[in-house]
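The figures here come from the full heavy-atom set of this structure, side chains too, leaving out hydrogens, waters and symmetry mates. Please read these numbers as outputs of a predicted model, since none were measured by experiment.
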Amino acid sequence: EAGAEEEAAIALLSLGEKAKAEDMVTSALADPASATPGLHCVHGDLTGDEGSYHKALALAGGRHFRAALALGAAATKRGAWPEAESHLAMALSLQPQSAQVWFSLAMCRLQQKPPRHAQAAEALRRVVTIEPDEHQGWALLGSALAALPDRASEA
């Protein structure tokens, strides 16, 4: 659950007051008692500082969905596919019913050199199991299966 500082920062941000939100979060983080994993994530969201997400993970004993997801997204933006895959897998270990994260994991596996079609297909099967109407998941699953020489007939 979000603490008061997190909620206030999110409210300020929604009002277009990013600088005020960032100042408030930075001040709150100066007090170790206020420095929650969630507050570090808000700081990372405001500043783009990946170190904030790493601090959130450290405070949470390496298990914080939002921090892992944010680090996975940041690694994806940099094209660091194995790193992104690792962070997304951590996020999924905490919330395994997130079709969107499974889809992102599949994309990471497809972007690696060489593409890991079988592992991507496993992730995409999870996507369409969780969200049966996810047409993009079905299409990508068919493509991933077609790329497998011994499984092309399943596509």
Note to self: For the backbone of Ala139 and the side chain of Ser143, can you confirm whether one donor and one acceptor N or O come within less than 3.5 Å of each other?
What the structure shows: yes

Note to self: Using a 3.5 Å distance criterion without hydrogens, assess whether the side chain of Lys20 forms a donor-acceptor pair with backbone atoms of Leu12.
What the structure shows: no

Checklist line | Residues which pass side-chain contact (heavy atoms from CB on, under 4.5 Å) with Asp31, listed by chain and number, not counting sequence neighbours | finding: Ala33, Ser34

Checklist line | Contacts of type side-chain contact (heavy atoms from CB on, under 4.5 Å), residue Glu134, not counting sequence neighbours | finding: Val127, Glu131, Gln136

Measure across [X] and [Y] and return the closest heavy-atom pair with its distance rounded to 0.1 Å.
X: Ala30; Y: Pro32; answer: O-CD, 3.4 Å
X: Ala56; Y: Pro37; answer: CB-O, 3.3 Å
X: Met24; Y: Ala9; answer: CE-N, 3.2 Å
X: Ala28; Y: Leu39; answer: CB-CD2, 3.5 Å

Enumerate donor-acceptor pairs with a distance under 3.5 Å from any side-chain N or O in residues 58-67 to protein atoms, sequence neighbours excluded.
unit_1, atom_1, unit_2, atom_2, d
His64, ND1, Ala67, N, 3.2
Arg66, NH2, Asp45, OD2, 2.1

Could you tabulate the donor-acceptor pairs under 3.5 Å formed by side-chain atoms of residues 93-100, not counting sequence neighbours?
unit_1, atom_1, unit_2, atom_2, d
Ser93, OG, Met90, O, 2.6
Ser98, OG, Val101, N, 3.4

Please round to the nearest 0.5 Å and tell me the distance separating atom [atom1] of [X] and atom [atom2] of [Y].
X: Asp49; Y: Ser52; atom1: CG; atom2: OG; answer: 4.0 Å
X: Glu6; Y: Thr36; atom1: CD; atom2: OG1; answer: 4.0 Å
X: Leu140; Y: Phe103; atom1: CG; atom2: CZ; answer: 5.0 Å
X: Leu29; Y: His43; atom1: CG; atom2: NE2; answer: 6.0 Å
X: Trp81; Y: Thr76; atom1: CH2; atom2: OG1; answer: 5.5 Å
X: Leu92; Y: His87; atom1: CG; atom2: NE2; answer: 13.5 Å

Note to self: Other members of the hydrophobic cluster containing Tyr53, with the 4.5 Å side-chain heavy-atom rule, please.
What the structure shows: Leu57, Leu71

Enumerate donor-acceptor pairs with a distance under 3.5 Å from any side-chain N or O in residues 114-124 to protein atoms, sequence neighbours excluded.
unit_1, atom_1, unit_2, atom_2, d
Arg116, NH1, Glu85, OE1, 2.5
Arg116, NH1, Glu85, OE2, 3.1
Arg116, NH1, Gln112, OE1, 3.3
Arg116, NH2, Glu85, OE2, 3.2

